[in-house]
2 protein chains.
Amino acid sequence: MNAPVRKGRKYDQVLEGARSVFMREGFEGASVDQIARDAHVSKATLYSYFPDKQSLFLAVITHDCEMQARGAMSEDIVQKPVPEALYAIAHSFVSFFLTGFALQMFRLCVAESMRFPELGRAFYETGPQNAQNQIIAYLETPRARAELEIEDSYVAADQLLQMCRTDLLLKRLFGVVGDASEDEIDRISREAVATFLARYQRRP
Amino acid sequence: MNAPVRKGRKYDQVLEGARSVFMREGFEGASVDQIARDAHVSKATLYSYFPDKQSLFLAVITHDCEMQARGAMSEDIVQKPVPEALYAIAHSFVSFFLTGFALQMFRLCVAESMRFPELGRAFYETGPQNAQNQIIAYLETPRARAELEIEDSYVAADQLLQMCRTDLLLKRLFGVVGDASEDEIDRISREAVATFLARYQRRP
DNA sequence: CGGATATTAAACCGATCGGTTCAGTTCGGC
DNA sequence: GCCGAACTGAACCGATCGGTTTAATATCCG
């Protein structure tokens with residue numbers, strides 16, 4: 001479906017040019033002429049790699065979805081005391097969600113997922129679902145289990161993650177405010193962990 | 001900017017036709033020819049009401065943003081015991097966020113807010129900010145204050161709201177699952193309130 | 001270097017785009 | 001009924017769209 005016809009010498013240039021234009025203009029707004037110009041290739045070259053605009057779009061954007069997936073939680077974090085580990089986890093998610101890359105990926109995938117269902121799925125699986133699974137894995141480590149009392153780690157992970165996606169994220173998404181400060185990210189992370197622990201920490 | 005040139009006999013038809021096409025296709029994907037057809041008016045009529053496609057889009061969509069704003073919290077809710085009131089509030093937000101209208105408004109505004117900054121602002125103010133303010137107003141009622149201990153009602157309201165916007169909402173947004181069941185909505189609401197109260201309820 | 005492959009620029013195609021024009025028709029109010 | 005306002009359908013405009021073609025040129029590898 002989104003497989004290239006072939007890969008030639010300028011394949012990476014095409015991907016890069018396409019990414020830049022699609023991320024800025026969306027699918028409908030991006031013209032193939034503009035993509036070819038930005039990629040510094042001829043349109044014929046572009047069409048020698050991809051059968052059509054849709055295939056190019058899906059190839060580029062689903063690849064970018066995969067860039068957002070994270071590997072396993074680092075051993076450093078797992079070894080920290082639970083409140084500190086949770087803070088580090090929250091902080092890293094809050095920070096990531098507020099990056100230009102994450103914001104624009106989210107916008108683009110929200111906009112296009114009805115027209116390209118496989119994109120919606122790819123985004124969800126490499127993004128939200130992957131994040132969820134990371135936290136669930138952490139919550140099920142022996143250390144976390146010793147200090148937390150959780151009946152349903154899916155719900156707990158979901159809540160923690162959602163408290164990392166705050167009003168500030170919505171403001172950024174809709175262009176109401178500019179860049180976030182470290183103070184804001186720190187505050188959101190601390191408050192998320194505080195509420196999380198209020199519910200799930202074992203009582204002595 | 002998005003003020004109509006004039007309002008004639010078929011003005012409402014134009015708004016309705018435009019809404020339907022813009023909501024389905026987005027700004028770039030919607031053609032003026034298609035809008036005129038759906039509205040059962042001639043293109044000339046349409047252009048006699050609005051100077052251009054952008055103006056029509058902004059008029060229609062910012063008006064729809066205003067449809068999502070809510071009035072003050074009902075007196076019934078305010079009179080309930082706090083846990084029950086919070087549950088009713090959470091439940092109504094979870095339900096609303098999962099409606100077809102809210103989902104499609106969110107998608108469209110996310111997609112177009114960079115190109116139309118005033119739309120991003122209108123959406124944020126009539127949507128997320130308005131919801132936030134509703135909850136803050138509730139949290140500051142005498143009854144809620146008597147039972148909750150909250151240092152910062154903005155943060156508390158933000159967290160409650162975010163726990164109403166769960167993984168399920170993301171799944172719906174990206175088209176990964178179908179309609180939500182009442183059980184799911186109920187579960188999300190209960191869990192959100194449980195976590196909220198774990199942190200903010202006064203200890204006896 | 002030579003040959004095969006990759007790429008190019010320019011032109012093309014049919015279709016659609018947002019916006020404009022206009023003679024004719026319809027509608028509503030007096 | 002009359003008249004002015006509103007609306008129409010069809011055609012138009014210049015521009016752009018995604019995709020195609022082709023002779024010429026550039027690149028790479030043995």
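In what follows, every chain begins at residue 1, and chains take the letters A, B, ... in the order their sequences are listed. Please read all numbers here as calculations on a predicted model, not as lab measurements.
- If you look at A/Phe174 and B/Phe106, their ring centroids are closer than 6.0 Å.
- Taking 4.0 angstrom as the limit, A/Arg37 places none of its side-chain polar atoms (N or O) nearer than this to OP1 or OP2 of C/dA9.
- Rounded to an integer number of Å, the gap from A/Asp12 CG to C/dA6 P is 16 Å.
- For the pair B/Gln34 CD and C/dG18 C1', the computed distance is 15 Å after rounding to whole Å.
- Among the atoms of the strands shown, base atoms are found under 4.0 Å from some heavy atom of B/Lys43.
- The residue A/Ala36 sits apart from the nucleic acid: no heavy atom pair falls under 4.0 Å.
- Residue contacts shown for A/Thr45 include a base, since a base heavy atom lies under 4.0 Å away.
- Judged by a 6.0 Å distance limit and a 45° cone about the ring axis, B/Lys171 is not positioned over the six-membered ring of A/Tyr124.
- Atom CZ of A/Arg9 is separated from atom P of C/dA6 by 7 Å (rounded to the nearest Å).
- Comparing A/Ala44 and A/Ser31 along DNA chain D, the residue whose closest nucleotide (by nearest heavy atom) sits nearer the 5' end is A/Ser31.
- Between B/Tyr47 atom OH and D/dC13 atom C1' there is a gap of 13 Å when expressed in whole angstrom units.
- A straight line from NZ of B/Lys53 to C1' of D/dT16 spans 13 Å, rounded to a whole angstrom.
- Aromatic rings from A/Phe50 and A/Phe57 are positioned such that their centres are separated by 6.0 Å or more.
- In this structure, B/Arg70 satisfies the cation-pi test against B/Phe93, with its NZ or CZ atom closer than 6.0 Å to the six-membered ring centre and inside 45 degrees of the ring normal.
- For B/Asp158 (side chain) and A/Asp167 (main-chain N/O), a donor-acceptor pair under 3.5 Å exists by modelled atom type.
- When rounded to the nearest whole Å, the span between CD1 of A/Ile35 and C1' of D/dT16 equals 14 Å.
- Atom-to-atom, CG of A/Leu46 to P of D/dG18 comes out at 11 Å; the value is rounded to the nearest Å.
- Closest contact between the side chain of B/Asp33 and the listed nucleotides D/dT21, C/dC17, C/dC22 involves C/dC17.
- The separation between A/Tyr49 atom OH and D/dG18 atom C1' is 19 Å, rounded to whole Å.
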